[in-house]
Trainee: 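Can you read through this structure? Questions will come right after.
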There are 2 protein chains.
Amino acid sequence: MARIINERADVLPRLAEVFRSHGYEGTSLALISEATGLGKGSLYHFFPGGKEEMAAAVLAEIDAWFRENVFAPLRVASEPNQAVDAMFDAVERYFEKGGRVCLVGLFALGDERDRFSQAVSAYFSEWIASLAQALETGGRDRIAARDLAEETVAGLQGALVLARSLREQAAFLRCLQRLKARITMP
Amino acid sequence: MARIINERADVLPRLAEVFRSHGYEGTSLALISEATGLGKGSLYHFFPGGKEEMAAAVLAEIDAWFRENVFAPLRVASEPNQAVDAMFDAVERYFEKGGRVCLVGLFALGDERDRFSQAVSAYFSEWIASLAQALETGGRDRIAARDLAEETVAGLQGALVLARSLREQAAFLRCLQRLKARITMP
DNA sequence: GTCTATAGATCGATAGAC
DNA sequence: GTCTATCGATCTATAGAC
């Protein structure tokens, strides 16, 4: 009970926030230490691989969250309109209405993409594949479903870029609304 | 004639490529020196403000290029379908069919956004405004034009993120085609 | 203008006391 | 487990010879 921090999982959320705010290269161990309240000794106790292992752990947690809260529900959906709605809700919450950046997208644009190649590509291809499956279940043909899924996932990432550039979260929400309207079956 | 490098403008393209590849934090003066063939002394001669001034100069050059090759043609367009086509062509060339990242988008996602706040937001708002104007000239009402322009610019940025994540330039081109099809007047 | 040398700070990572 | 102290490397930036 007296334990403050005793598992890697306890520091991951704060770790993730630091990487999201400063990027991989911009995140120093000093910043991490400050954000987590742990000295470097403790950090290397939990993450012997150093900064790279910390970022990998964050990516793994993000992946797990999306698998559970986004990808899996899409795959098992019987009512696709409802599943798609749920996806948009989850995304809106996760990205805090456009106030929070997608770490995977950020890494994808930089050369962190190469260092975390597998995690980055898996995140997006899983997202597109599960969304396409829900759309196909809803009655669309395979090619149209895949196209629309790709378009939607790309549109979400673009919405985050745009909202952050303009410092206007409303832009993110407007983009979300348009994507939702297009993907919903009549 | 014996001059190798004698103006800031001569080093800007290489400078831009370094920032695009490694991000702001990941770009060191050693990398810049290697990419430009200039020693640190020379670099500080051209850019007394150091790395920050170098990045600002790159952003200014990007802004100038888009103003001339993208924004201005959209604004003076009399035939909007044609102007939009020209925009997509320019974008496809500029981003090398998805193989090249948008530096402004990359900066927007990181905390470079705050350092280069004006340049980042101006780039996107100008793009949206000029595209919306072309669409309005084409006969759409103001609100629909603005919506479609915002959606298209966001979609382009998302397409870049997606193509880079998946290491699949074809994904960028597919997204471009869909955006183009949607924006073209019947 | 361009170079080398180097300052001074900070980087990621390690060692070892407790 | 957590800390402090510290390593060597690298960082941005400057100084000064040529």
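In what follows, chains are A, B, ... by sequence order, proteins preceding strands, each numbered from 1. None of the values given here were measured: they were computed from a predicted structure.
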Trainee: Has B:Ser28 got a side-chain N or O lying under 4.0 Å from the OP1 or OP2 atom of D:dC11?
Mentor: yes
Trainee: When the distance from CZ of A:Phe47 to P of D:dG1 is rounded to whole Å, what number comes out?
Mentor: 14 Å
Trainee: For the pair made of NZ in A:Lys51 and P in C:dG12, what is the distance, rounded to whole Å?
Mentor: 5 Å
Trainee: Is the ring pair B:Phe66/B:Trp127 parallel, tilted or perpendicular, if the boundaries are 30 and 60 degrees?
Mentor: tilted
Trainee: What is the distance, to the nearest angstrom, from the CG atom on A:Leu43 to the P atom on C:dC11?
Mentor: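 Spelled out: CG on A:Leu43 to P on C:dC11 is 14 Å.
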Trainee: Please give, in whole Å, the distance from D:dT14 P to B:Lys40 NZ?
Mentor: 12 Å
Trainee: Please check this pair: side chain of A:Arg164 against backbone of B:Leu109, looking for a donor-acceptor N/O pair closer than 3.5 Å.
Mentor: yes
Trainee: How would you label the contact of B:Gly50 with the nucleic acid (heavy atoms, under 4.0 Å): base, sugar-phosphate, or nothing?
Mentor: sugar-phosphate
Trainee: What contact category does A:Gly39 fall into here, base, sugar-phosphate, or nothing, at under 4.0 angstrom with non-hydrogen atoms?
Mentor: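 Counting heavy atoms under 4.0 Å across all strands, the contact made by A:Gly39 is with sugar-phosphate only.
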Trainee: B:Tyr94 vs B:Trp65 aromatic rings, parallel, tilted or perpendicular, using cut-offs 30° and 60°?
Mentor: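 Correct class here is tilted.
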Trainee: Measure from CD on A:Glu52 to P on C:dC11 and round the result to the nearest Å.
Mentor: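 Going from CD in A:Glu52 over to P in C:dC11 covers 18 Å.
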Trainee: Can you tell which of D:dA13, D:dT2, C:dT2 lies closest to the side chain of A:Leu38?
Mentor: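 Ranking D:dA13, D:dT2, C:dT2 by closest atom to the A:Leu38 side chain puts D:dT2 first.
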Trainee: Round to the nearest Å and state the distance from A:Asp10 atom CG to D:dT2 atom P.
Mentor: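 Answer to the nearest Å: 10 Å.
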Trainee: Does A:Asp63 form a salt bridge (charged side-chain N to carboxylate O under 4.0 Å, His left out) with A:Arg67? I'd like the steps, not just the answer.
Mentor: CA-CA 6 Å; A:Asp63 188 68; A:Arg67 273 180 198 284; 2.8 Å; yes
Trainee: How far apart are the closest heavy atoms of A:Glu68 and A:Pro73, and which atoms are they?
Mentor: O-CD, 3.3 Å
Trainee: Separation of B:Tyr24 atom OH from D:dC11 atom C1', in whole Å?
Mentor: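 Going from B:Tyr24 (OH) to D:dC11 (C1'), I get 12 Å.
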Trainee: Send over the distance from A:Leu29 CG to D:dC3 C1', rounded to a whole Å.
Mentor: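 Taking CG of A:Leu29 and C1' of D:dC3, I get 15 Å after rounding.
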Trainee: Select from A:Met54 and B:Gly37 the residue whose nearest nucleotide in DNA chain C is closer to the 5' end of that strand.
Mentor: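 Nearer the 5' end of the strand: B:Gly37.
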Trainee: In terms of side-chain heavy atoms of A:Ser42, which of C:dT2, C:dG12, D:dT2 is nearest?
Mentor: D:dT2
Trainee: Does A:Thr27 reach a base, just sugar-phosphate, or nothing at all? Heavy atoms under 4.0 Å.
Mentor: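 The answer is sugar-phosphate, as A:Thr27 gets under 4.0 Å only of primed atoms, P, OP1 or OP2.
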